[in-house]
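Take a look at the structure below.
Quick note: residue numbers are just sequence positions, from 1. Just so you know, ligand 1 is whichever comes first in the structure, and atom 1 is the first atom listed for that ligand.
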Amino acid sequence: MTDLTTLEADVLAQVAAAGDLAALDAVRVAALGKTGSISGLLKTLGAMSPDERKERGAAINVLRDRAQTALNDKKAALEAAALDARLASETLDLTLPAPYRRKGSVHPTMQTMDEMVAIFAEMGFAVAEGPDIEDDFHNFTALNFPPKHPAREMHDTFFFNTKEDGERMLLRTHTSPVQVRTMLSQKPPIRIIAPGRTYRMDSDATHTPMFHQVEGLVIDKGIHMGHLKWTLETFLARFFESDTVTTQFRPHHFPFTEPSAETDVQCDRSGGEIKIGQGTSWLEILGCGMVHPNVLRACGIDPDEYQGFAFGMGVDRLGMLKYGMPDLRDMFASDGRWLAHYGFSAFAAPNAASGLS
Ligand code: DAH
């Protein structure tokens, strides 16, 4: 029996000494493989007497089981150690600063729009919305554009194909249809702005087929041009962050307002850049006027009881003026370098308390 005891001690020592899975497998093959030391012992049983074979066979099986158990335990330990080593070598330090990559930024149009919303919200205006795909009624008819009137063509409208019922949908040419939708769904007093996308067939340094407008509408009793002038001057002073904003209201024509005006701000263009609040030039900023009685009537509001003013301005254009971008088309070219230069940090969200820009 001592040969079995020695062999067991020998195999267990080799198992313990195996430093990796390959060495351990070599030990397994040398002991339990077809020509291994323990397998070889089993082959000697055939030549023994039955009694001897019974006793010797049981002892060899015990030895084989112990060797197998030791091999299994060692294999599990080596695998666990290998996993620990891999986890340790692949550790990520999440507190390290990220490598430099081009940062995402807020598009100047969105920043400008957020500034406008922040200013008007502080002045008590709610934000209203409408669809980009409009019908003729909301974009033109209810806004007092006569049928077949050239003013409808004036906007270089993108029309969709005529539907079976003869209706022709369009991409809204201005945010003014949101006025109509608001007046049809709310009772006065109304005080809203409507920021959004607008579309016209036009493209040059100051026009793009898609651009953004902010529309404003106030409906209440006793509203007059003085309210309109104060509202716009207050807004423009805050927007251009200037104490002195001088405006000029030039008579104009819009079908949906009477009287109508275009508003200019005094500015200085002498130094190559535009400075608001000084100088001898005028910069056209927006269109506005008193809501036409026909528009009020089309929206179920009695013009003898309620009056209102409205205005509309180009967001991208105001952003260009404020932040000094020369070409409107660059705004929508999706050039990463342009965005890296003109974009705003997402942490610089404009609000009345911490500043607008
Ligand atoms: N809808 C006009 C445009 O796109 C802008 C405008 C002018 C809107 C006067 C108004 C307004 O509400 O009163 O050219």
Taking all heavy atoms of L184 and all of A298, pick out the closest pair and write down the distance.
CD2-O, 4.0 Å

With respect to Q266, which candidate in T247, T246, T280 satisfies the side-chain hydrogen bond (donor to acceptor under 3.5 Å, both in side chains) definition?
T246

Heavy-atom proximity to atom 4 (O) of ligand 1 ranks first, among H292, R200, E215, for R200

Distance-only donor-acceptor check, side chains Y199 and D132, under 3.5 Å:
yes

With the threshold set at under 4.0 angstrom, would you say F309 reaches ligand 1 through any of its heavy atoms?
no

Closest non-hydrogen contact found for L143 with P177 is CD1-N, 3.9 Å

Taking distance alone, with N or O pairs closer than 3.5 Å, would you say A310 contacts ligand 1?
yes

Near T257 (heavy-atom distance under 4.0 Å), the atoms of ligand 1 are 13 (O)

Measuring from atom 8 (C) of ligand 1, which candidate in G216, G314, P255, G312 has the nearest non-hydrogen atom?
G312

Could you check whether R181 pairs with E134 (Lys NZ or Arg NE/NH1/NH2 to Asp/Glu carboxylate O, under 4.0 Å)?
yes

Atoms in ligand 1 flagged as close to Q179, the criterion being non-hydrogen separation under 4.0 Å:
12 (O)

Answer yes or no: does atom CZ of R250 have more than 12 heavy-atom neighbours from other residues, nucleotides or ligands under 6.0 Å?
yes

Between N139 and T173, do the side chains contain a donor N or O and an acceptor N or O under 3.5 Å apart?
yes

Number the atoms of ligand 1 from 1 as they appear, then name those within less than 4.0 Å of a heavy atom of Q213, with their elements.
3 (C), 4 (O)

Of all the atoms in ligand 1, which lie at a distance below 4.0 Å from a heavy atom belonging to S176?
1 (N), 8 (C)

For atom 7 (C) of ligand 1, which candidate among G289, G287, G308 holds the nearest heavy atom?
G287

Any heavy atom of R172 closer to ligand 1 than 4.0 angstrom?
no

